[in-house]
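Please read the structure below before turning to the comments.
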Protein chains: 2
Amino acid sequence: MAGAITSRDVARLAGVSQATVSRVLHGSAGIAPETRSRVLAVVEQTGYQPNAAAISMRTRRTGTVGVVVGRVTNPFYPQVLDALGAELEPHGLRLILWDATTGPGERAAIEAIDQRRIDGLVFTTATASSPALQHAIDRRAPIVLVNRVVEGQPCDQVDSANEDTARRIARYFADHGHKRVGMITASADASTAAARSTGFTDEAADLGLHLDERHVLDGGFSHEGGRAALERMLDAGIEPPTAVFAVNDLSGFGALDAARAAGIAVPDDLWVVGYDDTEMASWEAFQLTTARQPIPEMVRIAVELLLARIAAPTRPPVHHRLPSEIVVRHSTAHAPVRA
Amino acid sequence: MAGAITSRDVARLAGVSQATVSRVLHGSAGIAPETRSRVLAVVEQTGYQPNAAAISMRTRRTGTVGVVVGRVTNPFYPQVLDALGAELEPHGLRLILWDATTGPGERAAIEAIDQRRIDGLVFTTATASSPALQHAIDRRAPIVLVNRVVEGQPCDQVDSANEDTARRIARYFADHGHKRVGMITASADASTAAARSTGFTDEAADLGLHLDERHVLDGGFSHEGGRAALERMLDAGIEPPTAVFAVNDLSGFGALDAARAAGIAVPDDLWVVGYDDTEMASWEAFQLTTARQPIPEMVRIAVELLLARIAAPTRPPVHHRLPSEIVVRHSTAHAPVRA
DNA sequence: AGGAGAGATGAATACGTATCCATACACCCA
DNA sequence: TGGGTGTATGGATACGTATTCATCTCTCCT
């Protein structure tokens, strides 16, 4: 490692004061052009890099944002990370990543706010509110919830129309003649799972679809869970459903794989619908009909809200709810969704 | 946000000096038990959190490690991130994430070292060395390369036996009677792609396998690229290969999907082998034979090396090369690999 | 010609912590 | 009883930057 060069070193080499170096680097007005270029030459030649700790000590800004994700191996989250990175980069912001499922990730992220290690935090996990999160929100910490809602909280939130879209999926099944349907859900602690389950269940009831309780199983948002859930449905000793709604794509892929292993033809004998429209949903191997979450848009808004919140901590919180579009693919025979 | 409480505030409230607060929080010896508990009580009651910038200003440590990944939507990287997070957490270390494919990720990560924003950097991208990286290595910056090698560099490196394993895959094809083989490769800038391509190509030549140049195509490590590559092979106007080696799983999945779309039966008419053994390779939809990279082990060693390097910057660099095991699945008819 | 005002720069300071050095006190042994 | 030894604590300082305030030098106008 190069010995750390400070702005004072640069100042000495350029024959100016440290204050002048700082001003040059910030493009402040009132610097003689000749001085300016002399300083920049030294900066260039020495490869000077400002010390991040000192800057953040002085400015109380870190230029870093935290993000809490669920299991990062769930392909939904990499897409969020991808969008988030792209959204933050133009602002010169960095990203610290915490996994909510391993160890004290969520708590560590919240502590990082108080330690002034990050300027703000994006929560993307669809998990219930912990006391720590609740407390942080009460303290008006700069937090944005994406894809998770905590009703009535003084906190910026962005999600999509989970309940409404799930209702549309139930209607879609009914419109195309299905009578017995199933659902692969996930922990009700997750607001997304809860909203999607509720929407689907309620609309199914309204429409007179038969949703046997043995056809409502927890898939834990995972491939393995989705697969096991469909296997259990087929094995329940009653007539299996002809259409299944999985509350996320990953468990939907698991269901498709269970059907494939059991020799059940999709979509002839079984329709499967997922949620998220991850990239893989369009792969030939799955061709999964699913609800498209507008991830880039959600993330864009989330970043916008977070930066605004950091700039104006007392601004009233807002809640954005974006529409979700159903993308029809082969897992439901390309049958159209009613307008 | 709570008004920032400092160690001085805690000291005042506990009736001691700031130095004593610092000592208590570090568990230093020579503190009266009564003083100690009084300080801790105030810390508890006020919810004091030490200021990260001040600590890192004083100690020249950040407790944060950087990681540069390729496109994070390539499922290989989330598995690396997962392992990395799990490995760092017990050390109390955080993770800043940079995507090498979007914007100036790689350069930003390297600059972060000089800015003392991170204590060290893990490179997981299989991309060629940039001048910036080269320069950082020359300066002996605390960097570990995982899954990427730069021969002869004074830099800690961890990879797996890419070339050797690729040779074994060629032999595997030959052993089971294949004559015409194909390869879906990727940019030779990536040391992994280069090593795997070389190993497969050389061994195929040694064994007299026919590897037509029209059956060697770049799949760009992506699903779409792998799919397009296989489509072009089938469309080349010559007899297609009976076995294809894809230098990573993702492009292997693409190949499988191309075969599925074209009505080519795997493994009856075509064998496909990937590389990485990502979780999805074992899914029913793919059942892809592939080379297992020991990700957790590689990451474990990488973190160990990085921490050692940070503690002892001048220690001679080491290069770990781990064995890769071929996992046989349905995409090669479960045919055994020769011992 | 003299002073006002603008432009350019430097000196000083605070951010919050860890640690070095100094100090005060109690206790023990010769 | 006095000096020495050890224990517990406080004062002072430096880390590197951004920014406020002060200073100095011109230029220009009356």
Side-chain angles (χ1 to χ4, degrees), chain A residues 1-40 42-43 46-64 92 111-117 119, chain B residues 1-40 42-43 46-64 111-119:
Chain A
M1 286 298 301
I5 296 168
T6 70
S7 59
R8 211 161 243 116
D9 296 330
V10 172
R12 191 168 29 76
L13 292 171
V16 299
S17 72
Q18 180 268 329
T20 295
V21 172
S22 177
R23 281 190 275 252
V24 167
L25 292 176
H26 286 75
S28 308
I31 296 286
E34 199 271 338
T35 304
R36 180 182 165 71
S37 60
R38 190 149 36 97
V39 168
L40 289 178
V42 174
V43 166
T46 57
Y48 165 74
Q49 291 279 358
N51 181 297
I55 291 177
S56 98
M57 178 102 118
R58 188 67 171 84
T59 63
R60 306 182 143 272
R61 283 290 159 81
T62 63
T64 304
E111 279 176 358
I113 299 176
D114 293 330
Q115 298 170 346
R116 311 202 100 89
R117 198 181 282 285
D119 295 335
Chain B
M1 286 297 302
I5 295 168
T6 71
S7 60
R8 211 163 243 116
D9 296 329
V10 172
R12 192 169 28 75
L13 292 171
V16 299
S17 73
Q18 180 267 330
T20 296
V21 172
S22 177
R23 281 190 275 251
V24 167
L25 292 176
H26 286 76
S28 309
I31 296 286
E34 198 272 338
T35 304
R36 180 183 165 73
S37 60
R38 191 149 36 98
V39 169
L40 290 178
V42 174
V43 166
T46 56
Y48 165 75
Q49 291 278 359
N51 181 297
I55 291 177
S56 99
M57 180 100 121
R58 189 65 171 86
T59 63
R60 308 180 143 272
R61 282 291 159 80
T62 63
T64 305
E111 278 176 358
I113 299 176
D114 293 330
Q115 297 171 345
R116 311 203 99 88
R117 199 181 282 285
I118 54 178
D119 296 333

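Reckoned from all heavy atoms, side chains included, excluding hydrogens, waters and symmetry mates. Throughout, protein chains are lettered first and strands after them, A, B, ... in sequence-line order, and every chain is numbered starting at 1.
- In this structure, CZ in A:R116 is found 10.0 Å from OG1 in A:T59, a value given to the nearest 0.5 Å.
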I need a per-nucleotide contact map over nucleotides 15-20 of chain C, read 5' to 3'. Cutoff is protein heavy atoms under 4.0 Å; write B for the base, S for backbone only, - otherwise. BBBBBB
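- B:R58 meets the side-chain contact (heavy atoms from CB on, under 4.5 Å) test with no other residue; sequence neighbours excluded.
- Residue A:T62 holds its OG1 atom at 3.0 Å from CG of A:D119, rounded to the nearest 0.5 Å.
- Near DNA chain C, meaning a heavy atom under 4.0 Å away, there are no residues from residues 29-36 of chain B.
- Atom CZ of A:R36 sits in a sparse spot, with 12 or fewer heavy atoms from other residues, nucleotides or ligands closer than 6.0 Å.
- Between B:T64 and B:R117, the shortest heavy-atom distance links the atoms CB-O, 4.1 Å.
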Please table the atom pairs, donor to acceptor, closer than 3.5 Å between any side-chain atom in residues 18-25 of chain A and protein atoms at least two apart or in another chain.
{"residue": "A:Q18", "atom": "NE2", "partner": "A:S7", "partner atom": "OG", "Å": "3.4"}
{"residue": "A:T20", "atom": "OG1", "partner": "A:S17", "partner atom": "OG", "Å": "3.3"}

Report all side-chain donor-acceptor pairs from residues 48-55 of chain B shorter than 3.5 Å, counting only partners two or more places apart or in another chain.
{"residue": "B:Q49", "atom": "OE1", "partner": "A:Q115", "partner atom": "NE2", "Å": "3.2"}
{"residue": "B:N51", "atom": "OD1", "partner": "B:A53", "partner atom": "N", "Å": "2.8"}
{"residue": "B:N51", "atom": "OD1", "partner": "B:A54", "partner atom": "N", "Å": "2.9"}

In dot-bracket, 5' to 3', how would DNA chain D read with Watson-Crick or G-U wobble pairs under 3.5 Å, [ ] for crossing ones and | for pairs to another strand? ||||||||||||||||||||||||||||||
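- Contact annotation: the side chain of B:T46 never approaches that of B:D9 to less than 4.5 Å [non-hydrogen atoms, C-beta and beyond].
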